[in-house]
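Below is one structure; the comments refer to it alone.
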Amino acid sequence: VRIYVVNSIADPGDNVCDATCTLRDAILAANITVGSDEIRFDIPGPGPHVIEVMSGSFLPPITENVDINGSSEPDFAGAPVVVVDGPDDSPAFLIFDDAIFTYIHDLSVVDSLEGITCWVPCFLTGNYIGIDAAGAAMPNNTGILLDGSSFGSIVGGTSVNARNVISGNQIGLDSRAPSTIQGNYVGLGPGGALMPNRIGISSVENTQIGGTAPGAGNVISGNFDSGIKLGSPGITHSGLVQGNLIGTTISGLGCAGNEKGIKIQGPEFTIGGTTPAAKNIISCSSQNGVWITMSSGNLVQGNDIGFPGDESDPSNHRGVLIEDSSNNTIGGTTPGARNIIAGNELGLRINRGELNTVAGNYFGVDSTGIVRRGNLSNHISLSDTSTNSIGVASGGNVISGTQGCGMRLESSSYANFIRNNIIGLGADGAVHPGLWNALGGLCIEDSYDNLIGGSTTELQNTFGSNGLTAIQIV
């Protein structure tokens, strides 16, 4: 391993890393050496040390394996003190060719078209992307771009030292290749203050966002548009989102909402899982906690959607919205698959969708199934939709404790199946304080040919304390 030491903030330098060595000089030197190299920093004087890339230029693309080590700067004390202020019209760092084991860590990368662009696998830890060493926003257009050939890249990790802070950008992280994104703050500053991206994380292909290991979850909060945007119409890919705090403070106990928590525009994404560690907490979205649009085959299970709010201060405007989509599953038939959809303005809405399944969830109650955490209006609303299943023989929903209707069918909804649900009672089938649905258990308006219950015991719904009536048909 050859070591090149950057000791000047100047740019461009003289293209030789000698007694005076700029970052540009060090990258050029590393590119012409075969094998892995390390670029360290020893810039005189107190930090922050701002390397301002020459106007109208850009740093040399990284073409050989290198470890660019911001923590080597002598006054490094756990947070970046070396700031790379990049060009407005190109990436600050571009990694491609044979640089397939390149590490960039403990730097601040700001004010670029793209902060770091990887065309081959790269490993990014401990960086500030879009904020300077003092924690002030200096946006990149895109903070990190993982291009289609960068499969296997890792952004962050499970330790505190591996955490990147990706905030203040137009797009925080754009992943177009299978990659792993763990343990980062996206949309918040290093201390948890709001520093929104427009979109936190955008992913179209087989990306794992979070995970089930301790420390693997990201905090993705405060972003102006989507915290996470998954897929793109017409592209067939999948991905996994687990163990994250989305729309909360870093403690998970307060609100720091995105406009949309997770927006899904492609097929076969999994949000959550059946183990406690896979649970995402999705809260405080001004629009939708989870929005599935123009897509199919997605699975949302085992999440808390709506905490920490209740109906006096609704968390998400809608917990889940399924729109123009089919064959998606919310929940499942095992206890671990259960979503708790509570404390929203509206729990779940399906617009113009078909063959979607909503099973095994708790609407309006906490994880015990007997304590009210109501959604303000309806728990479930179906509009202009058909052939959806709300409850199945092996997994009904608890739908209790709203000021509106437990469930509403409207706008020519037809041929939907409402089966094996507990409506207006606790999960134990008993009466508990506050679990009635004030306007009725099931409200049907301008809809027809829907099947409520069935001829066998396991398909029958159980109606309890509902305000005006158990079933109301208008």
Side-chain angles (χ1 to χ4, degrees), residues 1-77 79-130 132-133 138 140 143-145 147 150 153 164:
V1 176
R2 294 195 181 188
I3 297 173
Y4 301 97
V5 179
V6 175
N7 56 19
S8 170
I9 62 171
D11 189 68
D14 60 4
N15 297 336
V16 179
C17 189
D18 48 19
T20 300
C21 184
T22 67
L23 179 57
R24 183 183 298 270
D25 296 338
I27 292 173
L28 288 169
N31 282 344
I32 62 175
T33 4
V34 177
S36 298
D37 301 304
E38 183 179 1
I39 295 175
R40 296 181 181 175
F41 296 85
D42 188 5
I43 300 171
H49 309 283
V50 180
I51 299 171
E52 188 168 349
V53 178
M54 182 177 61
S55 177
S57 181
F58 51 88
L59 292 171
I62 297 167
T63 59
E64 289 288 336
N65 299 340
V66 65
D67 176 355
I68 302 179
N69 181 1
S71 68
S72 60
E73 174 61 38
D75 51 350
F76 176 83
V81 291
V82 176
V83 180
V84 179
D85 187 341
D88 295 336
D89 57 355
S90 63
F93 292 102
L94 173 60
I95 305 167
F96 76 114
D97 205 2
D98 293 324
I100 58 174
F101 295 106
T102 288
Y103 293 79
I104 298 179
H105 58 102
D106 300 298
L107 295 177
S108 167
V109 184
V110 300
D111 203 21
S112 306
L113 179 67
E114 295 153 8
I116 301 173
T117 295
C118 300
W119 288 1
V120 292
C122 60
F123 306 91
L124 311 176
T125 62
N127 300 291
Y128 287 0
I129 308 294
D132 66 13
M138 293 185 68
N140 304 289
I144 298 169
L145 173 61
D147 204 73
S150 64
S153 294
N164 298 286

Smallest separation among heavy atoms of [X] and [Y], with atom names:
{"X": "Gly115", "Y": "Val109", "result": "O-CG1, 3.5 Å"}
{"X": "Ser108", "Y": "Pro80", "result": "N-CB, 3.7 Å"}
{"X": "Tyr4", "Y": "Ala29", "result": "CE2-CB, 3.5 Å"}
{"X": "Val110", "Y": "Asn140", "result": "C-OD1, 3.1 Å"}
{"X": "Tyr128", "Y": "Ala133", "result": "CE2-O, 4.3 Å"}

So, taking the atom named [atom1] in [X] and the one named [atom2] in [Y], what distance separates them when rounded to the nearest 0.5 Å?
{"X": "Asn127", "Y": "Asn164", "atom1": "CG", "atom2": "CG", "result": "5.0 Å"}
{"X": "Asp14", "Y": "Cys21", "atom1": "CG", "atom2": "SG", "result": "8.5 Å"}
{"X": "Ser150", "Y": "Leu145", "atom1": "OG", "atom2": "CG", "result": "7.5 Å"}
{"X": "Ile116", "Y": "Leu94", "atom1": "CD1", "atom2": "CG", "result": "11.0 Å"}
{"X": "Ile39", "Y": "Asn69", "atom1": "CD1", "atom2": "CG", "result": "10.0 Å"}
{"X": "Phe93", "Y": "Leu23", "atom1": "CZ", "atom2": "CG", "result": "5.0 Å"}

Residue set satisfying side chain to side chain contact (heavy atoms under 4.5 Å, CB included) with Pro87, at least two apart, ordered chain then number -> Val53, Phe58, Asp89, Ser90, Ser112

Does Asp88 have any side chain to side chain contact (heavy atoms under 4.5 Å, CB included) partners at least two apart in sequence or in another chain, and if so, which? Asp111

Does anything in residues 34-52 pair up under salt bridge (Lys or Arg N to Asp or Glu O under 4.0 Å), and if so which pairs, sequence neighbours excluded? Glu38-Arg40

Who are the ring pair (Phe, Tyr, Trp, His ring centres under 6.0 Å) partners of Phe123, not counting sequence neighbours? Tyr103

Going by heavy atoms in the side chains, are [X] and [Y] under 4.5 Å from each other?
{"X": "Leu59", "Y": "Val84", "answer": "yes"}
{"X": "Ile68", "Y": "Phe41", "answer": "yes"}
{"X": "Ile27", "Y": "Ile62", "answer": "yes"}

[X] side chain to [Y] backbone, donor-acceptor under 3.5 Å:
{"X": "Asp25", "Y": "Asn15", "result": "yes"}
{"X": "Thr102", "Y": "Cys122", "result": "no"}
{"X": "Asn7", "Y": "Thr20", "result": "no"}

Given the options Ile144, Leu107, Leu124, Ile129 meets side chain to side chain contact (heavy atoms under 4.5 Å, CB included) only with Ile144

Could you tabulate the donor-acceptor pairs under 3.5 Å formed by side-chain atoms of residues 44-51, not counting sequence neighbours?
residue: His49; atom: NE2; partner: Glu73; partner atom: OE2; Å: 3.3
residue: His49; atom: NE2; partner: Asp75; partner atom: OD1; Å: 3.3
residue: His49; atom: NE2; partner: Asp75; partner atom: OD2; Å: 3.1

Where at least one partner belongs to residues 57-68, residue pairs that pass side chain to side chain donor-acceptor pair (under 3.5 Å), sequence neighbours excluded: Arg24-Ser57, Asn31-Thr63, Asp67-His105

